[in-house]
Structure formats: structure tokens, C-alpha cells
Amino acid sequence: MGPNWTGHHPRAAWRGLLNDGKVGEHMQTKVNDVVSLERRGNVAVISIDNPPVNALSHPVREGLLASLRYAIADEDARAIVLVCAGRTFVAGADISEFDKPPQPPSLHESLDAIEVSTRPVVAAIHGTALGGGLELALACHYRVAVGSARFGLPEVNLGIIPGAGGTQRLPRLVGVNTALHMIATGAMIGATEALQSGLIDQIVEGDLTEGGVAFARQVSAEPRQHPRVRDRDEKLAEARAEPHLFDDFRASIARKSRGFLAPGVAVTAVEAAVNLPFDAGIARERQLIAELLQSEQSKAQRYFFFAERKSAKIPGLAADTPVVNVSRAAVIGAGTMGGGISMVLANAGIPVTLVEQNAENLERGLGVMRKNWEATAARGGSSQGQVEERLARITPTLNFEDIADADLVIEAVYEQLKLKKDVFAQVDRYAKQGALLATNTSGLDVNQIALATARPERVVGMHFFSPANVMKLLEVVRGDRSSDTAIASAMNMGKKMGKVPVLVGVCEGFVGNRMLAARGKQADRLLLEGALPHQVDRVMFDFGLPMGPYAMADLAAGIELRWRRRQETGEMDFIGDRLAELGRFGQKVGKGYYRYEPNSRAPLPDPEVEEIIREASRREGLQRRDISDQEILERLVYPMINEGARILEDGVAIRPGDIDVIWVYGYGWPTYRGGPMFYADSVGLAQIRDRLVALQAQHGDFFRPAALLERMAREGRRFQDWEQTRSAATVGS
Ligand code: 3HC
Ligand code: NAI
């Protein structure tokens, strides 16, 4: 189909193009709905306008190719500038088209048209030139950008590699090391680095299009061959002289990319750039991306891309819901969590009043914060000046009255309901009207805490994960009385603090820890039946999680926390109680479910623990047996999925994708498995239901399939097709 010439001056445009083959001067002519063309003097300007991020959807590709042809055919156009409207240059291929049959023209056709053009084509870049967008720019003869522009090939985050020449062109321009870093890890670089590495030719001050046009005019006036990236070889030659480069790079990313297919394939593709002629390299890249596109991993990662974005949307919450504008915050409690939360606020530029009950804990908390910031500076993540600047944003105090000027108060005192209610009564007394009041409780009833104030509509849970300055997840807990403004404000603040906020309802453990508890129960049961901590943990590690339940308990003082809770509830747990009585409180004391060598975090199996476990089995009258890895996997993960289904039934989460986002960002669930609910789809809900039924027959009602899971399995449905949503007014109620 040819270009559809509609727009502001359709007839003039038609005539202009058809009669004398010239592009309209100083008159934007729409080539189609998303691409337009104009001429500024002797330079043709192609402009893409496909909000929100100018993704290379089918109409964009069509309009781009058509306008390139028109511009190239216009003999008065000595050069061509490619710009984008809106907030960014092209941010990549349109990911939502990946599962649909490809519609011509392909991006390759436009890139070829650019490359063979004898008139120079200049990409003028602002925002983020990502994926296919950067590849488009790489096919141009020149690239100019504003100082705030950023550049990247993040395809690896979608489980694929660049598929429009990026793996072949980028190393030719910026060198193999930088290219490997960008392509295999998805890292972006800024304009200054892009200029230094040769990715762009100029940083433009002032108006970008004007700057691009001026640059184009200048290069087109010079009697020279315009450079094509494909012809460059000097930086590849440098890499050929370094035989260990690729092996060294593979080793350097091994830990972070464990389990992921795409990073290794990305390295292979860049190797092809070094070892093969350009066209053969392009063919290799195409073959490699085609394989990855079909992989379960890429499907999971693409699903997750959209799940994460959806989780920010709360049905029923009006877009114009007013939010609290936070110019100052207060944090109550300077312990593990309060300290971390204060750091995050200060990192986001928000001054914090940090309230403690005693001077000693306050001092200690501030010391930990300084140490953490200094460690970041030592790693090169910030400057010493920034450490001081951030510390200066913290105002320590022992007086509650000092919270009076805070727009947001986050409570992070000990996990005791009575204490939290006392603290909230105080907060209510001193906090200004209109402030957002949040508790970081990991399990107490947010509704009861809210009722300790005279303004429960202002109270929400903001459940950060430990270490709060590192973990990205934030569960925003909606209480029965929380207002829309409170929810919108907490979500908004979460984002400002660099977190991924997900709205959940009130229940024991909220979403993440509630599912974790289901897994934990089975893990403990498996120990009694015959497994050992390191076997259980290895199965979870091999599945892709950063660690299993026992390594996690040792890291996060789990033995101690649970022991203290049992002392309150009167429950018994032979293994946990024995470990606690022996002072095996985890990594911080060098022993827990494992033992640890001094200064090492490596968990080592400990015969003392194994003896306790055997003793526990004897007491239960259980004959220990060999348990297969597959059984361990199913007994740990299927109950989580089942609990996830109950969470959806109860309306504690809005949608399955939100649960997946919680598990990826809160617990390190590997994105190449999408999340527990997506994983359930890939196993098949009927299969999971059947296995749960079998386990129920063997081990009891703990495994009884949730009604929702049962129904969806029967109807052949998948969690990822979930349409039913709950509004902000109903989640958690
Ligand atoms: N395709 C389709 N939709 C996209 C998209 C893409 N490449 N990139 C962003 N979107 C959509 C989002 O889904 C979101 O939609 P919504 O408003 O309906 O939720 C909207 O654009 C805005 O996105 P964000 O909320 O992420 O906006 P931000 O301003 O926070 O971030 C961004 C902008 C940095 C561009 C970020 O969206 C991003 O990283 N996008 C993905 C970039 C990417 O992965 N590009 C490579 C694609 S694969 C490719 O190009 C293959 C090629 O090699 C052939
Ligand atoms: P912590 O024991 O490290 O710190 C609590 C701090 O609160 C102490 O410094 C204490 O002096 C202070 N405090 C107690 N009463 C106070 C009062 N009346 N006024 C001012 N300060 C007071 O505890 P941690 O681990 O930071 O936990 C805090 C909260 O965060 C708890 O509700 C916990 O459940 C929750 N949480 C903890 C996570 C973790 O992994 N540690 C994860 C997520 C939430």
C-alpha cells in the first residue's frame, strides 16, 4: 500500500510531490497519520509522531519508508534530517506487534534505503534512542543529539537481541567493549559518552531540528563520501587483537545473567561482527534473533514488560486524583527499614526528619546510613560530596513534634501492634493536615493502625522490602478507609523514590509474604520428610531465584523473627526452636540453617543442623526418604501459585500480573519465567490443578486447589489473559 497523503495541505502536497517531485517547503505534509515531511531550504526533514514513545509500529515503518523515498527523490533536498515529535526519539520496535504476523515494510527496508542514499541522512535525537530506534540512527550517515539524550539497545531485557543491525553496527562505531556492555546488559549511555565513543557526531545546543538541519547543510556542502557504519573496521581490528576479550566478557556477566539466554546470544552476535563480513554478520543476527523470539524466555520477558507497566494503573482511580505534594518527609524509627527508607527519600532529593525513641539507636542508624552511602561512593556510584549532601538532608530528632512540617510520614518502628497504634496516635497529634501517613508494617492490620488516628482516610501501608535502599518493590497497602488521594499519593511517591509500587489489600503478609509463607510451610515439611536445607535451596536457585528459603532465612534473621513470633502465639516448631536455642540466628552470627566461615556469605551445610532435622523427623514418626528435585519444585511453587489464586479471589491483588511484578521485584523471581502466575500458565493450569489434587490426597488439605484455579483450569483459561479487574474501591475489601 502506498503512502496515504492526508493532512493540513493535502492537495498542495499531492501536487508538490507528483508534479515536480519536490517536498513542500516550510510546510509539514503528513505522509500518513504518524510521519510527516517538510523541506527547510535544501534539507528535507522527516518527522515521526507516534505517541507515547514513537515505537516503530507498522504505520511508522510505512510512513518512514515512503517519506525517505520522497525525500531522496526530491532533487532540491541535499540532505535529510530524521527527527521525532513528543518526548523521545524512537524507543524501539513496537513490542505489541511481536506476536502478530510481520507486516511489510520491515525496518530493514528503511535502513537499506538510508544506507544507499547518496544524500546524507542525519538522525537528530532527543529523549531515549532505544532498540530499533538506535538501530535506525546507526543506519544514518550522521547522528546529532541534545545533551540530555540517552542511547541503548535494551532488547536483552525482552529476551532477544537487536534485530535491525545493532549488533553489527554498534561495535563498528563505539568499539567492541562498549558495544558488548550495551547489547548484553541493556545498559544505556548518555550524550557525552556517546560523543566520546563516536556514537554521535555532535551535541546540539538549542532547537534540535534547527541544529540537525544546520549540521546536515554543513556536511552536504562538503565534497565527500558520507560515512556508512558498515564500512568501518578500525575498532573491530582492535578487538581482533584481543583474543580473550569475549571469554573475559562472558565471565564478567555470568553471575548477573545466570539462567538468561539472550545475553550469551548477544555476545555471539557481536563476535560475528568481529569475525564475519558485514552482510554475513547481519544474516547471523537475523537467525539468532529469530530463535530467541520463539523462546519461552522472551515470551515471559515481553509479558513482564507490559505487566510491570499495567501494575501502575489502578482501575477506578481517576487520572486527575489529587496527590500530596511531598516536599518534606518524616520517618519514625531509624532501624534497618527506617534507615533504608530515609536513604531512598534523601536520594530522591527529599529532606527527611528522622525520629527515634533514643539517642543511641538514632546514632547507630545514622552511622549505618553514612556507611552505606560511603560504600556506594567507594564503588564509584556517587561522589563523596553527594554523600555529605544526602546526609545533610536528614534531620535527626528525638522529638515527635518535629514531624509537623512533613507532607509524608512513614512509620518503621518494631512490629508490635500496640506500639504502632501508640505511634500513630502521636503522629495524628503532630502531623499537619493533609499529610500522607504510612506504615511499613510487614504483617499487622493496617486498618487497626489507621483507626489509632482521627484521619484513617489518610493512612496507607507502604511496605518496603529489605534492604529498602536496594529492593525495588513497594507494596502499597490500601486500608478499608484509605482515600483515593492517599492511594494515588503513595503510588506517586513510590515512583518518585525509584520503586515499583504495586497496590495490594490488607491480609496476613499482604501478597508477597503471604505466598512466601505458603512456600515456607512446604519447605519445612520437606525437611521433615527427608530433604535437607541445601537441597531445597539448590532447587530454588537452579529454578532461577537468587537463593532458597533457608539461605534467605539466614540472611534476613528469619530464625529469630519467627521464633519471637512463636513465643507470642505459643506455636511450636522443633527445628526452628532448637536452632534459636542454640543461638543460630543466621549469617550475622555465622550460623543458622548453615554455617559460615568468617567474612564469608557462602552457606555451608552443617552436620549439627542435619542432626536436628533428623531428630525432628524421628519425633514426627516419619521415615526419611529421598525426595526428587522435581517434587521439591512442585511442592514449593504450586502452593505459591495456589495462594496467588486465593489472593485474586480475595481481591487482595488487582490482577495476576501484579503478583508477578511483586515476585520479580521483591524476591528476585527470574523475569525469564515471567512471575509465578505466568509460570503457572506455562506449565498449564490444568496440570497444576491435577498435581495439587494428587498432593492433597497424599498430604492433606493444604494442597486443596483454590476455587479460582479450579475454575480457570476447567475452562482452559490462562492468568495472562485476565480481563477481570477490580477497582481501587474494591481491592482489599
Ligand atoms: N513498544 C510498544 N509499546 C511501548 C514500547 C515499545 N517499544 N515502549 C514503551 N511502550 C509503551 C508502554 O507500554 C507504555 O504504554 P502504556 O502507557 O499503555 O502503559 C508507554 O509506551 C510509556 O512507556 P513507559 O511507561 O515505560 O514510559 P517511560 O517514560 O517510563 O519510559 C521508555 C519510556 C524508556 C522508552 C520505556 O518505555 C522503555 O524502556 N521502552 C522499551 C524500550 C525497548 O525495549 N526497546 C526495544 C524494543 S525491541 C526492538 O527494538 C527490536 C529491534 O531490535 C528490531
Ligand atoms: P528495627 O528493630 O531494625 O528498627 C526499629 C527501630 O524503631 C529501632 O531503632 C527503635 O529504636 C525504633 N523505635 C521503636 N519504638 C519507637 C518509637 N516509639 N519512636 C521512635 N522510634 C522507635 O526494625 P526493622 O527491621 O527496621 O523493622 C521496622 C518495621 O518494618 C517493622 O514493622 C517490620 O515488620 C517492618 N519491615 C521489616 C522488614 C525487614 O526485613 N527488616 C521488611 C519489611 C518491613
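All values derive from a computational prediction rather than experimental measurement. Whatever order the structure lists them in is the order used to number ligands and atoms, beginning at 1.
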Identity and separation of the nearest protein heavy atom to [atom]:
{"atom": "atom 30 (O) of ligand 2", "result": "Asn440 ND2, 3.0 Å"}
{"atom": "atom 18 (O) of ligand 1", "result": "Lys313 NZ, 3.9 Å"}
{"atom": "atom 37 (C) of ligand 2", "result": "Met337 CG, 3.3 Å"}
{"atom": "atom 26 (O) of ligand 1", "result": "Arg309 NE, 2.6 Å"}
{"atom": "atom 54 (C) of ligand 1", "result": "Glu135 OE1, 3.7 Å"}
{"atom": "atom 34 (C) of ligand 1", "result": "Leu130 CD1, 3.9 Å"}
{"atom": "atom 14 (C) of ligand 2", "result": "Gln357 NE2, 3.4 Å"}
{"atom": "atom 45 (N) of ligand 1", "result": "Ala91 O, 2.9 Å"}
{"atom": "atom 9 (O) of ligand 2", "result": "Glu356 OE2, 2.5 Å"}
{"atom": "atom 22 (C) of ligand 2", "result": "Val413 CG1, 3.4 Å"}
{"atom": "atom 9 (C) of ligand 1", "result": "Val53 CG2, 3.5 Å"}
{"atom": "atom 7 (N) of ligand 1", "result": "Ala93 O, 2.8 Å"}
{"atom": "atom 11 (C) of ligand 1", "result": "Pro52 CG, 4.4 Å"}

Numbered atoms and elements of ligand 2 in range of [X], under 4.0 angstrom, heavy atoms:
{"X": "Val423", "value": "18 (N)"}
{"X": "Ser442", "value": "33 (C), 34 (O), 35 (C), 36 (N), 44 (C)"}
{"X": "Ser466", "value": "39 (C), 40 (O)"}
{"X": "His463", "value": "43 (C), 44 (C)"}
{"X": "Gly333", "value": "7 (O), 12 (C), 21 (N)"}

| task | Examine distances only and state if a side-chain atom of Ser295 and a backbone atom of Ser298 form a donor-acceptor pair shorter than 3.5 Å. | result |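 Yes: the side chain of Ser295 pairs with the backbone of Ser298.
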| query | Quick check: does any side chain N or O of Arg143 sit under 3.5 Å from a backbone N or O of Ala137, one acting as donor and the other as acceptor? | reply | yes
| request: Using a 4.0 Å heavy-atom cut-off, say whether Phe464 meets ligand 2 through its side chain, its backbone, both or neither. | output: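 Answer for Phe464: backbone.
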| note | Quick look: Leu444 vs ligand 2, heavy-atom contacts under 4.0 Å, and the answer is neither
So, does [X] sit close enough to ligand 1 that a heavy atom of it is under 4.0 Å from the ligand?
{"X": "Lys310", "value": "no"}
{"X": "Pro154", "value": "yes"}
{"X": "Arg87", "value": "yes"}

| said: Atom CZ of residue position Arg302 - does it have more than 12 heavy atoms of other residues, nucleotides or ligands inside 6.0 Å? | reply: yes
| task | Might you confirm whether atom CD of Glu508 has over 12 heavy atoms from other residues, nucleotides or ligands at distances under 6.0 Å? | result |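 Open: at most 12 neighbouring heavy atoms sit under 6.0 Å from CD of Glu508.
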| Nitrogen or oxygen atoms of Gly132 and ligand 1 under 3.5 Å apart | yes
| message | Under 3.5 Å, is there a donor on one side chain and an acceptor on the other for Asn347 and Trp373? | response | yes
| field | 4.0 Å heavy-atom contact, Glu411 with ligand 2 | value | no
| task | Kindly state if atom 15 (O) of ligand 1 has a protein heavy atom within a strict 4.0 Å cut-off, that is, under 4.0 Å? | result | no
| Test item: protein heavy atom less than 4.0 Å from atom 21 (O) of ligand 1 | yes
| Could you give the distance from OG (Ser96) to CZ (Phe305), rounded to the nearest 0.5 Å? |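 One gets 9.5 Å once the value is rounded to the nearest 0.5 Å.
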| said: Please state which option from Ala412, Gly340, Gly443 has its nearest heavy atom closest to atom 5 (C) of ligand 2. | reply: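 It is Ala412 that holds the nearest heavy atom.
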| Presence of salt bridge, Arg429 and Glu401, under 4.0 angstrom |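 Looking at Arg429 together with Glu401, the answer is no, because their closest N to O distance does not fall below 4.0 Å.
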